[in-house]
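Throughout, numbering of the chain's residues begins at 1 and tracks the sequence. None of the values given here were measured: they were computed from a predicted structure. Heavy-atom basis, side chains included; hydrogens, waters and symmetry copies ignored.
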Amino acid sequence: MGQVAATVESRGPRTYGNWRQPTSPGLMGLGSVGTSILLGGLLLVVFTLMIRGVLEAVVLAGILVVVLAALLIKDSHGRSALSRIGARLAWTSARSRGSHLYRSGPLGRALWGTYQLPGLAAPTRLSEHTDSYGRRFALLYTPATGSFSIVIGTEPDGAALVDQEQIDVWVADWGHWLSNLGDEPGIEAASVTIETAPDSGTRLRREVAMNIDENAPEFAKAMLAEAVHRYPSGSSTVKAYVAITFSAAPRAGGKKRTAEEMGRELGARLPGLTGSLQATGAGSAHPLDGQELCETIRVAYDPAAAVLIDEAHANGEVPELSWPDVGPSAAQASWDGYRHDSAYSMTWSMTSAPRGSVQSGVLARLLAPHRDIARKRVTLLYRPIDAARAAAMVEADLRAAEFRATSTSKPAARDSLAVRSAQATASEEASGAGLVNFGILVTATVFDYEKHADARAAVDNLSATARLRLRPVYGSQDSAFAAALPLGLVLTKHVKIPSELRSKL
């Protein structure tokens with residue numbers, strides 16, 4: 001009788017990384033457009049010297065030096081001096097026009113005397129449709145960009161008491177889900193919003209009141225009463241939403257489809273999208289109908305309404321909300337904050353992804369509730385890239401990295417590492433991996449303005465634990481607040497200067 005020795009191979013925790021921001025080849029740290037400005041300016045200085053004289057050439061050279069210095073001088077977040085000056089001028093112009101103030105309602109400035117959404121979300125329109133499972137879902141139309149969005153509500157399982165192998169499977173399935181978005185026809189963007197908020201305790205009180213036995217011992221009744229009284233003071237609710245944005249035109253230059261046509265098409269595709277989400281650890285996924293979406297946005301702009309809405313549902317009533325009435329009655333944007341109805345919010349954007357390798361739980365503390373932040377919203381923005389564009393982008397990025405490394409006799413260690421990282425990205429894309437542009441917005445909301453300093457310090461500490469570099473969205477707090485909501489807004493389609501051009505400066 002023989003014996004078999006079984007050995008279990010142990011391996012370390014799985015890590016993730018190699019996030020790259022596409023670069024543009026150029027001289028002296030400039031992109032292709034900046035290099036063109038440099039060479040064109042030098043030629044213009046030479047022609048001016050030949051035609052006009054030395055003084056005019058010196059003046060023109062001084063202007064060229066100032067422009068190039070504005071492009072080359074960058075802060076720790078990679079923003080050039082020209083970009084910061086442009087943001088400050090745009091904010092000054094908006095404030096002089098009064099665009100940072102918003103008043104709605106019968107006595108406000110909004111049309112028709114309604115409480116419509118402010119800013120980028122003001123023109124959005126909502127309609128309801130039914131998918132092939134018979135579920136009602138809300139469809140948001142944004143006329144400015146010609147896009148339609150649907151919002152899916154999920155109930156994430158969480159990583160508590162879950163084996164690491166199962167977590168690795170969820171992460172892999174989530175990567176496949178994002179990669180498949182590039183193959184879905186018409187998809188422009190997707191976003192995942194994780195929102196933590198204090199629990200009002202209404203559902204707990206209702207559940208206890210419905211199930212308590214009148215013949216129970218007085219001690220048990222007193223214990224339940226104390227639990228109902230004390231539990232909500234330190235508890236939080238966590239909600240997750242996935243917004244997917246589709247183009248109204250089936251192809252470039254094609255005829256834009258109406259809301260009814262998009263509703264019929266997305267009604268057939270929704271079951272597949274929600275079913276594939278469940279394999280990623282998102283739990284039960286269902287599309288939000290018009291009422292649920294209205295309540296979500298209404299509470300975001302006026303957190304004090306959350307208690308009233310919860311009490312209405314606890315009493316078996318449905319608060320009647322329509323899309324033109326979910327906005328704030330008053331809002332005021334400042335350089336680094338946003339005041340809206342009963343709360344004050346601050347929004348940060350990611351300027352740099354984590355360097356090196358990270359584990360799957362790197363965002364755990366950032367997503368978890370925090371005692372110094374009343375409501376926290378972390379939104380991950382994704383823009384899938386189709387296979388044809390992805391191949392061209394990774395090859396161009398590889399050539400740009402090689403150009404920077406070979407443009408000097410002693411390349412910096414960062415340039416050599418960038419070449420290896422670009423080669424790894426190109427190899428993965430060639431083997432079938434998808435390419436996705438992503439970003440992160442973090443919104444912290446407090447009920448008392450005096451506590452905003454504590455909330456800022458908390459976000460700074462949480463970003464360090466997540467190995468993210470976050471920067472307040474100075475001068476655009478109202479737009480960033482709306483973009484962090486599950487509305488399917490695509491920020492790059494609302495800016496005047498395309499992001500592709502800004503990356504090449």
Side-chain angles (χ1 to χ4, degrees), residues 151-162 166-167 170-171 173-174 177 190-207 227-228 230-243 274 277-288 292-307 309-311 313-314 343 345-348 359-382 440-447 455 458-459 461-463 465-466 468 470 481 483-487:
V151 183
I152 301 174
T154 64
E155 298 178 1
D157 299 326
L161 302 179
V162 178
Q166 180 61 54
I167 295 176
W170 284 343
V171 174
D173 288 335
W174 175 247
W177 192 83
S191 67
V192 179
T193 302
I194 309 295
E195 184 179 35
T196 59
D199 193 347
S200 62
T202 304
R203 292 178 298 174
L204 177 62
R205 288 194 297 269
R206 182 189 179 195
E207 191 70 19
V228 169
R230 291 180 177 272
Y231 177 77
S233 62
S235 62
S236 299
T237 60
V238 180
K239 298 181 180 179
Y241 307 96
V242 178
T274 56
L277 264 178
Q278 296 178 3
T280 65
S284 176
H286 68 282
L288 265 62
E292 292 175 320
L293 185 57
C294 287
E295 292 179 2
T296 300
I297 304 304
R298 179 76 183 94
V299 170
Y301 277 99
D302 185 13
V307 178
I309 293 176
D310 287 346
E311 290 179 351
H313 284 293
S345 297
M346 302 142 287
T347 303
W348 291 257
Q359 299 182 16
S360 57
V362 64
L363 297 180
R365 293 188 61 184
L366 180 64
L367 299 177
H370 197 280
R371 62 182 180 181
D372 292 330
I373 305 174
R375 305 182 72 93
K376 179 159 55 68
R377 192 177 302 110
V378 180
T379 301
L380 291 87
L381 308 173
Y382 299 97
I440 297 178
L441 293 175
V442 179
T443 299
T445 301
V446 294
F447 298 128
V459 172
N461 293 332
L462 293 175
S463 64
T465 62
L468 293 175
L470 299 179
F481 182 89
L485 296 175
L487 294 174

Quick one: side-chain contact (heavy atoms from CB on, under 4.5 Å) partners of D173, sequence neighbours excluded? V169, H176, A279, T280
Who pairs with L367 by side-chain contact (heavy atoms from CB on, under 4.5 Å), at least two apart in sequence or on another chain? I194, L363, V378
Of all heavy-atom pairs linking P369 and V238, the shortest is CG-CG2, 4.5 Å
Nearest heavy atoms of I373 and A458, plus distance in Å: CD1-CB, 4.1 Å
Heavy-atom pair of closest approach, residues A306 and V299: CB-CG1, 3.7 Å
Would you call T296 and P486 a side-chain contact if the rule is heavy atoms closer than 4.5 Å? yes
Can you tell me how far apart CD1 (I440) and CG (L468) are? Round to the nearest 0.5 Å. 4.5 Å
Between the CG atom in L485 and the OH atom in Y241, the distance rounded to the nearest 0.5 Å is 10.5 Å
For W177, give me all partners under ring pair (Phe, Tyr, Trp, His ring centres under 6.0 Å), at least two apart in sequence or on another chain. W174
Residue pair I152 / A285: nearest heavy atoms and the distance that separates them: CG2-CB, 3.9 Å
Test: salt bridge (charged side-chain N to carboxylate O under 4.0 Å, His left out). Region: residues 368-380. Which pairs qualify, not counting sequence neighbours? E195-R375, E195-R377
Can you tell me how far CG of L441 sits from OG1 of T347, rounded to the nearest 0.5 angstrom? 7.0 Å
Using ring pair (Phe, Tyr, Trp, His ring centres under 6.0 Å) as the criterion, list what pairs up with F481, not counting sequence neighbours. Y301, Y338, H340
Nearest heavy-atom contact between A455 and A444 is CB-CB, 4.4 Å
Where G283 and Q278 come nearest, the two heavy atoms and their spacing: O-CG, 3.1 Å
Can you list everything that forms a side-chain contact (heavy atoms from CB on, under 4.5 Å) with E292? Sequence neighbours excluded, please. H286, L288, D289
Taking side-chain contact (heavy atoms from CB on, under 4.5 Å) as the definition, give me every residue that meets it alongside V162, ordered by chain and number, with sequence neighbours left out. Q166, I167, W170
Measuring from atom OG1 of T193 to atom CG of L381, what distance do you get when rounded to the nearest 0.5 angstrom? 8.0 Å
Rounded to the nearest 0.5 angstrom, the CD1-CD distance for I309 and E295 is 5.0 Å
